[in-house]
There are 4 protein chains.
Amino acid sequence: MSEKSRPLRTDARRNCERVLAAAEAVLARDGTTASMRAVAEAAGVGLGTIYRHFPTREALFEGIMAARMFQLTDSSSELAEAADAGEAFFRFFTAVVDNAGRMRALAEALADAGVDVKAGTAEAAAALRTALETLQERAQRRGDLRPDLRLPETLALLAAMCLAAEHRRWEPAARDRTLAVLFDGFRPR
Amino acid sequence: MSEKSRPLRTDARRNCERVLAAAEAVLARDGTTASMRAVAEAAGVGLGTIYRHFPTREALFEGIMAARMFQLTDSSSELAEAADAGEAFFRFFTAVVDNAGRMRALAEALADAGVDVKAGTAEAAAALRTALETLQERAQRRGDLRPDLRLPETLALLAAMCLAAEHRRWEPAARDRTLAVLFDGFRPR
Amino acid sequence: MSEKSRPLRTDARRNCERVLAAAEAVLARDGTTASMRAVAEAAGVGLGTIYRHFPTREALFEGIMAARMFQLTDSSSELAEAADAGEAFFRFFTAVVDNAGRMRALAEALADAGVDVKAGTAEAAAALRTALETLQERAQRRGDLRPDLRLPETLALLAAMCLAAEHRRWEPAARDRTLAVLFDGFRPR
Amino acid sequence: MSEKSRPLRTDARRNCERVLAAAEAVLARDGTTASMRAVAEAAGVGLGTIYRHFPTREALFEGIMAARMFQLTDSSSELAEAADAGEAFFRFFTAVVDNAGRMRALAEALADAGVDVKAGTAEAAAALRTALETLQERAQRRGDLRPDLRLPETLALLAAMCLAAEHRRWEPAARDRTLAVLFDGFRPR
DNA sequence: TATGAATGAGACTTCATTCAT
DNA sequence: GATGAATGAAGTCTCATTCAT
């Protein structure tokens, strides 16, 4: 296929990306109450263009969330081979919390990653869950995490931290102090 | 002419209570986005009746939150004299999380208890904070909690657990397993 | 428990007067948009008490207006025998405007005095109209007013001045300067 | 089949004009208390359409007032060069009163022209005031108006006539008779 | 295909009036 | 008789979604 064979598709894709980028920024700023008009204005496109690519407001927002979750999942790959398995797990956990804190509205999606409630984010959530599980089990095998720690609890605690980070933007230092306490609960005694 | 704070008429008090009960139920079901009409219908009263007792939507909802928070604070009194100071602290922490989990919309208020953002709940939040601090310091003096644990972290973690408990109703067993991990981080090593 | 002559009637009359006085004050302050609750609070009585004496909000307000108009009419009696007939006419005209300016909401009633639109003020308006006519005709007979001035025009101009005085509270000095121009149009050339 | 320079604009403009026309009619009929729904129904559009073109109720109504006031100001241009300066002044004065009488709700705006209370009409009011001042000063220089007449009084009297004309629709003949009396007060003695 | 104008349900709130206490 | 609690229609405004251009 040559590049000229599908000009419309190119346009459409470009617009779709602009919408996604703008929606991400708006969601980060305004949270889940962001209006479709705000997204359209930030993207520099019409309202109808958004609805062409995403059937409903929910579909758009879930699309954003899924993309972010895939990004996070990707970032776990290299951590899965880091020398310090415990540190890798904590780094990933922190990265997820950090993302929730940076983008209002992402927190809920991340919190839902443990249970897959939304159809739009189910696949991404499953991938994220698997990534966390992988890191956790490796750290447990290395003796860096308590062996009785199960994934449901880890996910619940991750969800909690994400929601809190979003609810009131955590300063990095405060975030580290808070997570440090939690992480001590993760370690073998 | 008008005596100070005359007792409410019986029918007025009954309706006020019905409004409060209905509002609590609706807040538990729908969260902070609950509409005034939903409350009115649940209470079986007219919209105006709600506004007679609570000047604004915020006043009603914050009033409920504050009441719950005062209830929680009250429940800490006897715990403050329990034999096992550490257990008392954990019980109170769990009770707060439990309340957040039972009523959507309470969680945010509890999460805000650390910072007092809303005027309507500031006093109740301060009381709750003090109660937690009292229990925590006693447990630390008894050696049941790690001495380097500071209130800001405790509050942040409490907020996180409340938000998570509300976000997805935690089963008591799951809640206990999750908090158990966290509480291990609170204990001296 | 002992004297049961006519306590209720006395109470009722006293309450009625309190309502009227309060309503006048509130109408002066808030204008025609004054709420029944504001009147009740100013009077120190319940809302029901107002409705006992006046069937509707309109009836109450028209009652006030009528009373004021009768007062004004009464004040014309002595002017009708003043030595300077022209001055008497101007004084009365000014007094009416002054009342409109002092009590928001009275202006409309006075402006309607020329046409009797409201049932509640018809009688009072007719009396006021007659009083003005009497003063005008006497002044015309004395040669103090232009002989071709007819009552409809006088009433229309009085209405205009009342509405303007209410619309933006006229300072006495400004009021006098403005009326002075108008009065020059009333005088014989 | 090829003429499509402005496909969307046409509809929007047509609706905007329909809204303006309907709003003028409704304002003329109901005065400042006219509801947005009444305007929407009169225009045959949805409520949202009005809010698309005018952000608030005030903006719509003040916009209409301002437009009318600018129209009036424009009409003064040719009068400013008329041979008979006094007649020009009186004609303009009458035109303003006439407009107030034709449209309920315009009267208040015109009455406020002397003081500029509303932000939305301030500019138009200032222009109208200047137009009146220009005509008045020219007429005074020509000796057609009494030299001691100052603008504040003229404005107060204009406001009064506008309010009265609106309050009870003046027939042209009655209006002329009434203004004739007033205008005599404006003339040199 | 992209646009954004139009829609209208639904949000909060006020207030004249009724009626149980 | 007096009170004021209750009612609910009506007001302004927002926003997800549809559809004509």
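All values reported here derive from a predicted model rather than from experimental measurement. Throughout, protein chains are lettered first and strands after them, A, B, ... in sequence-line order, and every chain is numbered starting at 1.
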With rounding to the nearest 0.5 Å, note down the distance linking [atom1] in [X] to [atom2] in [Y].
{"X": "B:Thr121", "Y": "B:Met65", "atom1": "OG1", "atom2": "CE", "result": "8.5 Å"}
{"X": "A:Thr49", "Y": "A:His53", "atom1": "OG1", "atom2": "NE2", "result": "6.5 Å"}
{"X": "D:Thr56", "Y": "D:Tyr51", "atom1": "OG1", "atom2": "OH", "result": "7.5 Å"}
{"X": "C:Lys118", "Y": "C:Phe61", "atom1": "NZ", "atom2": "CZ", "result": "11.0 Å"}
{"X": "D:Leu106", "Y": "D:Arg104", "atom1": "CG", "atom2": "CZ", "result": "12.0 Å"}

Report, one pair per line, the protein and nucleotides 7-11 of chain E atoms (nitrogen or oxygen only) whose separation is under 3.5 Å.
residue, atom, partner, partner atom, Å
E:dT7, OP2, D:Gly46, N, 2.6
E:dT7, OP2, D:Thr49, OG1, 2.3

Quiz item: Which residues pass the side chain to side chain contact (heavy atoms under 4.5 Å, CB included) test with C:Ala125, sequence neighbours left out?
Solution: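 Only C:Met69, C:Ala113, C:Asp116, C:Arg129 meet the side chain to side chain contact (heavy atoms under 4.5 Å, CB included) criterion with C:Ala125.
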Self-check item: Residues that B:Arg168 engages under side chain to side chain contact (heavy atoms under 4.5 Å, CB included), provided they are two or more places apart
Solution: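 By the side chain to side chain contact (heavy atoms under 4.5 Å, CB included) rule, B:Arg168 matches A:Asp112, A:Val115, A:Val117.
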Quiz item: Do any side-chain nitrogens or oxygens of A:His53 fall under 4.0 Å of OP1 or OP2 in E:dT1?
Solution: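 It does not, given that no N or O in the side chain of A:His53 lies less than 4.0 Å from OP1 or OP2 of E:dT1.
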Quiz item: Going by the side chain to side chain donor-acceptor pair (under 3.5 Å) test, which pairs reach into residues 22-40 of chain C, not counting sequence neighbours?
Solution: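 Applying side chain to side chain donor-acceptor pair (under 3.5 Å) to every pair that reaches into residues 22-40 of chain C, excluding sequence neighbours, yields C:Glu24-C:Arg68.
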Self-check item: A:Thr56 vs D:Phe61, nearer the 5' end of DNA chain F by closest nucleotide
Solution: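 Its nucleotide being nearer the 5' end, the pick is D:Phe61.
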Nearest whole Å is fine: how far is [N] [atom2] from [X] [atom1]?
{"X": "A:Glu41", "N": "E:dT3", "atom1": "CD", "atom2": "P", "result": "13 Å"}
{"X": "D:Glu58", "N": "F:dG11", "atom1": "CD", "atom2": "P", "result": "17 Å"}
{"X": "B:Phe54", "N": "E:dT14", "atom1": "CZ", "atom2": "P", "result": "15 Å"}
{"X": "C:Arg18", "N": "F:dG1", "atom1": "CZ", "atom2": "P", "result": "16 Å"}
{"X": "B:Asp11", "N": "E:dA20", "atom1": "CG", "atom2": "P", "result": "11 Å"}
{"X": "D:Asp30", "N": "F:dG11", "atom1": "CG", "atom2": "P", "result": "10 Å"}
{"X": "D:Leu60", "N": "F:dT12", "atom1": "CG", "atom2": "C1'", "result": "13 Å"}

Practice problem: Name all stems that contain residues of DNA chain F, defined as runs of 3 or more consecutive Watson-Crick or G-U wobble pairs, both distances under 3.5 Å. | Solution: E:2-21 with F:2-21
Quiz item: Who pairs with A:Arg102 by side chain to side chain donor-acceptor pair (under 3.5 Å), at least two apart in sequence or on another chain?
Solution: A:Asp98
Practice problem: Just compare E:dC12, F:dT18, F:dT21 and give me whichever is closest to any side-chain atom of B:Tyr51. | Solution: E:dC12
